[in-house]
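Here the structure comes first, spelled out in structure tokens, and everything after it is commentary.
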Amino acid sequence: MLTPLDKEAQLTQEAHRLYGLLKSVSKTKAAKWTFEDCLAAAPYVLAINRFKKEQNAVILAHSYTTPDLVYGVADFRGDSYELALKARSSTADIIVFAGVWFMAETAKIINPGKKVVIPAGRAGCTLADSMTGEDVKKLREKHPGVPALCYINSSADVKAVCDSCVTSGNVFDIAQKIPGDELIFVPDMLMAQNIDAELKRRGTPKKIISSGGSCCVHDKYRPEIVDKLRAEHPGIKVLAHPECPIEVCQKCDYVGSTKGMAAYVAASSDKTFGMLTEFGLVNRLEAEHPDKTFIWPYGVCSYMKKNSLINTLEALIDPRPDQVVTVDENIAAQAKKAIEKMFELAK
Ligand code: 13P
Ligand code: SF4
């Protein structure tokens, strides 16, 4: 039995551990994480890590969630592809997916026998919510015989009617591998333009037929932002996610997934990077490269930010119905084929 003094010592120790990881990380555009912030987070972090062990749960956190989750309680942090792979190989009884609904849904489809919970509940994504399986079926009827790829940022019923899924980390390679000179790509209309440009650049062009929407975070960047970053920070390297408009991507030094951007920064001897992506990735880079500077104009995903330490604890102890992921069995069986096809094509 811990005495009140022991408990206080444990909290202080946890706060020091967290502060050691987060002291170079921005909490807002104007302020860094403080020791007091870490002290406030410590009781939740300790409780979550204790319940996690007791219940044989694993916590997967997308890099766009907040740093207290990413560094305090997550067993694995990463991009959509890495987290889907971790979900697939997990031996835990419960998967807690700190991300958005389509990510947790994908984990459930790969692991139908496991309990999958999402702290944020039904946190959407403007891409995943832009199209239904019926919309894709109609598109496919208009273009018979044309293979269809869906971005992983899509609902299970969209995945169920596509030939393969892709993530931002493998989209260009998989699009290139698919035979034929036409390709349906849903539901990211901006990424479709980037695929078109990249396949032309590689000398393997295809006609890309697309429908759907865009990411409400990445579609806000404009080419002038790249010019401004370069004018204000000579020598800066500008990195963008392929959900950004093509006019932006074409001006950048690197375009890739959140994992790809992190790898670019890690391998670069440059010191200043302009980040045209969500704040959470900037936070990860600040934590992992305190010697480098990251200039971030704007871009916050309110869906990702619905995950918190409090609702992670809730999802572990006594999840609300909307935190428990369920997928219709028939749709899940069909969607699984598209996800597994991606794993095969991404090799
Ligand atoms: P990544 O797979 O690159 O992490 O992208 C996920 C996402 O939702 C980007 O907006
Ligand atoms: Fe969806 Fe955009 Fe949020 Fe990613 S950043 S989860 S694409 S809304």
Side-chain angles (χ1 to χ4, degrees), residues 60-66 69-70 74 76-88 97-107 118-131 149-155 158-159 165-175 185-192 194-195 198 210 212-221 239-245 248-249 252 254-265 275-285 288 296-307 339 342-343 346:
L60 310 181
H62 189 270
S63 300
Y64 289 168
T65 59
T66 52
L69 287 170
V70 169
F76 299 104
R77 46 196 81 93
D79 71 355
S80 311
Y81 187 74
E82 289 176 294
L83 295 179
L85 272 182
K86 287 292 176 200
R88 192 180 185 223
F97 208 121
V100 288
W101 184 263
F102 77 80
M103 295 179 174
E105 190 178 59
T106 302
I118 170 167
R122 279 204 160 256
C125 159
T126 54
L127 281 171
D129 298 338
S130 68
M131 256 188 134
L149 292 182
C150 61
Y151 190 25
I152 197 162
N153 297 39
S154 56
S155 57
V158 164
K159 291 183 178 83
C165 197
V166 299
T167 70
S168 54
N170 52 41
V171 55
F172 300 133
D173 291 342
I174 293 182
F185 180 76
V186 292
D188 189 338
M189 311 264 286
L190 298 184
M191 191 176 281
N194 284 312
I195 299 172
E198 178 61 16
S210 184
S214 63
C215 161
C216 61
V217 175
H218 293 94
D219 71 3
K220 302 281 185 301
Y221 296 115
L239 282 54
H241 196 276
E243 290 169 10
C244 293
V248 172
C249 293
C252 289
Y254 177 79
V255 178
S257 67
T258 51
K259 180 187 177 193
M261 286 189 265
Y264 181 95
V265 168
M275 302 303 301
L276 303 187
T277 192
E278 213 274 344
F279 191 41
L281 183 69
V282 179
N283 297 154
R284 277 206 63 184
L285 297 173
E288 290 166 26
W296 169 73
Y298 50 79
V300 172
C301 177
S302 57
Y303 307 107
M304 288 282 186
K305 296 322 191 215
K306 281 187 184 164
N307 295 279
I339 300 167
M342 168 183 72
F343 288 131

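As the structure is a prediction and not an experimental result, all values here were calculated from the model. Order of listing sets the numbers, starting from 1, for every ligand and every atom in it. Side chains included, hydrogens not; waters and symmetry mates left out as well; all remaining heavy atoms used.
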### Query
Less than 6.0 Å separating the ring centroids of Y303 and Y64?
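No, they do not, as the ring centres are separated by 6.0 Å or more.
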### Partner residues of N170 under the side chain to side chain contact (heavy atoms under 4.5 Å, CB included) criterion, sequence neighbours left out
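Expected list: Y81, V166, T167, I174, M342, A346.
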### Query
Tell me, which protein N/O/S atoms are under 2.8 Å away from atom 1 (Fe) of ligand 2?
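The answer is C125 SG.
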Measure and list all N/O to N/O distances between ligand 1 and the protein that fall under 3.5 angstrom.
from	atom 1	to	atom 2	distance (Å)
ligand 1	2 (O)	S80	N	3.1
ligand 1	2 (O)	S80	OG	2.7
ligand 1	2 (O)	S168	OG	3.3
ligand 1	3 (O)	S168	OG	2.6
ligand 1	3 (O)	H241	NE2	2.9
ligand 1	3 (O)	T258	N	2.9
ligand 1	3 (O)	T258	OG1	3.4
ligand 1	4 (O)	H62	NE2	2.7
ligand 1	4 (O)	T258	OG1	2.5
ligand 1	5 (O)	H241	NE2	3.2
ligand 1	8 (O)	N153	ND2	3.2
ligand 1	10 (O)	E243	OE1	2.8
ligand 1	10 (O)	E243	OE2	3.2

### Query
Parallel, tilted or perpendicular for Y151 and F185, by the 30°/60° rule?
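Tilted: the ring planes of Y151 and F185 meet at 30° to 60°.
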#### Entry: Residues H241, V217; criterion side-chain contact (heavy atoms from CB on, under 4.5 Å); working and verdict
CA-CA 10 Å; H241 196 276; V217 175; over 6 Å; no
### Task
With side-chain contact (heavy atoms from CB on, under 4.5 Å) as the test, would you mind laying out the steps for T126 and D129 before giving the verdict?
CA-CA 5 Å; T126 54; D129 298 338; 6.0 Å; no
### Message
Does this structure show an ion pair linking K86 with E82, if we count only N-O contacts that are shorter than 4.0 Å?
### Response
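So K86 does not pair with E82 through a salt bridge.
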#### Entry: Salt-bridge criterion met for E105 and R122 (N-O under 4.0 Å)
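Salt bridge: no.
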### Query
Yes or no on side chain to side chain donor-acceptor pair (under 3.5 Å) for R284 and S63, after CA distance, side-chain angles and deciding distance?
CA-CA 7 Å; R284 277 206 63 184; S63 300; 3.1 Å; yes
Show me the donor-acceptor pairs within less than 3.5 Å that the side chains of residues 255-264 make with the rest of the protein, sequence neighbours left out.
from	atom 1	to	atom 2	distance (Å)
S257	OG	K259	N	3.3
S257	OG	G260	N	2.9

